[in-house]
Amino acid sequence: MFAADSPRPSSLLPRRCRHEALLTLPAQEAHVSAARHFAADLLETWSVPESERDSAVLIVDELAANAARYGRERMTLLLVLDNGTLHIVVSDSGTAVERPRPDTAPDEHGRGTGIVQYLAQSTEVHQTHSGREVRACLRCSA
């Protein structure tokens with residue numbers, strides 16, 4: 001037993017595990033696959049289990065596709081794995097309100113945010129001084 005005042009041996013303290021990566025790309029649909037592959041490779045390196053990695057990559061794909069569609073100049077993907085929670089943040093230089101393109105069929109628009117909300121434990125959308133930021137959190141057993 002350890003006295004309340006005595007320090008605990010470091011082997012008994014919980015280990016803090018944090019990984020972080022940032023990728024900035026032009027806000028163009030041609031770069032969505034680069035964001036998706038970046039996330040997949042990185043999450044594999046971080047030892048995120050395959051089923052959780054697949055969900056995270058799908059979230060990245062949907063958020064990057066929206067950023068490419070509605071962003072004007074660039075999109076940024078931030079991935080942070082912090083003690084079992086994966087934070088996915090996609091920022092773009094677009095507006096907070098998404099408007100369907102006139103050349104897009106109604107049944108092919110708007111599914112991405114629903115998919116993200118279904119897979120993630122939480123989601124948030126914020127308007128920033130330079131555009132829009134979408135956050136999704138996913139529990140991971142890495």
Side-chain angles (χ1 to χ4, degrees), residues 2 4-142:
F2 300 102
D5 297 307
S6 66
R8 295 175 65 180
S10 62
S11 63
L12 298 178
L13 294 175
R15 293 185 58 173
R16 182 148 175 91
C17 178
R18 181 178 171 92
H19 300 285
E20 186 172 320
L22 181 71
L23 176 67
T24 300
L25 297 165
Q28 299 169 357
E29 290 185 27
H31 295 283
V32 172
S33 64
R36 184 177 58 247
H37 290 295
F38 174 79
D41 293 346
L42 191 65
L43 296 175
E44 184 176 6
T45 300
W46 291 350
S47 300
V48 172
E50 187 175 0
S51 64
E52 295 163 356
R53 187 170 63 235
D54 290 346
S55 293
V57 169
L58 184 53
I59 290 171
V60 167
D61 185 62
E62 295 297 338
L63 295 181
N66 281 345
R69 184 173 293 127
Y70 301 107
R72 284 185 232 114
E73 299 163 9
R74 70 191 172 292
M75 60 180 167
T76 302
L77 169 63
L78 172 63
L79 297 173
V80 178
L81 180 58
D82 189 10
N83 279 337
T85 300
L86 178 65
H87 303 269
I88 302 167
V89 183
V90 177
S91 305
D92 64 49
S93 51
T95 60
V97 178
E98 297 179 2
R99 294 183 183 92
R101 291 177 151 179
D103 62 341
T104 304
D107 63 336
E108 293 185 19
H109 176 74
R111 292 184 188 152
T113 54
I115 291 169
V116 171
Q117 290 172 348
Y118 177 78
L119 293 173
Q121 274 67 53
S122 66
T123 60
E124 298 176 4
V125 179
H126 299 281
Q127 185 66 31
T128 66
H129 67 287
S130 60
R132 175 183 51 190
E133 177 181 275
V134 182
R135 296 175 172 261
C137 290
L138 182 66
R139 283 185 204 76
C140 293
S141 56

Between [Y] and [X], is there a side-chain heavy-atom distance shorter than 4.5 Å?
X: Glu44; Y: Arg53; result: yes
X: Ser130; Y: Arg74; result: yes
X: Leu58; Y: Leu119; result: yes
X: Val134; Y: Val116; result: no

[X] and [Y]: which non-hydrogen atoms are nearest, and at how many Å?
X: Phe38; Y: Ala21; answer: CZ-CB, 3.9 Å
X: Ala120; Y: Ala136; answer: CB-CB, 4.0 Å
X: Val32; Y: Ala64; answer: CG2-O, 3.7 Å
X: Leu23; Y: Ala35; answer: CD2-CA, 4.0 Å

From [X] [atom1] over to [Y] [atom2], what is the distance, rounded to the nearest 0.5 angstrom?
X: Ser55; Y: Tyr118; atom1: OG; atom2: OH; answer: 9.0 Å
X: Leu78; Y: Glu133; atom1: CG; atom2: CD; answer: 8.5 Å
X: His19; Y: Leu79; atom1: NE2; atom2: CG; answer: 12.0 Å
X: His37; Y: Asp61; atom1: NE2; atom2: CG; answer: 9.0 Å
X: Arg132; Y: Asp92; atom1: CZ; atom2: CG; answer: 4.0 Å
X: Arg18; Y: Thr85; atom1: CZ; atom2: OG1; answer: 11.0 Å

Problem set entry | Glu29-His31 side chain donor-acceptor pair, cut-off 3.5 Å | no

Seminar exercise, completed: Only residue of Asp54, Leu81, Leu42, Leu138 satisfying side-chain contact (heavy atoms from CB on, under 4.5 Å) with Val48 is Leu81

Exercise. Out of Ile88, Thr24, Leu25, which residue meets the side-chain contact (heavy atoms from CB on, under 4.5 Å) rule with Leu77?
Worked result: Ile88

For this session: Just do the side chain to side chain contact (heavy atoms under 4.5 Å, CB included) check on Val90 and Val60 with the steps written out, would you?
Result: CA-CA 8 Å; Val90 177; Val60 167; 5.7 Å; no

Exercise. Ignoring hydrogens and geometry, is there a side-chain-to-backbone donor-acceptor pair from Ser93 to Glu73 under 3.5 Å?
Worked result: yes

Exercise. More than 12 non-hydrogen atoms from neighbouring residues, nucleotides or ligands closer than 6.0 Å to CD on Gln121, yes or no?
Worked result: yes

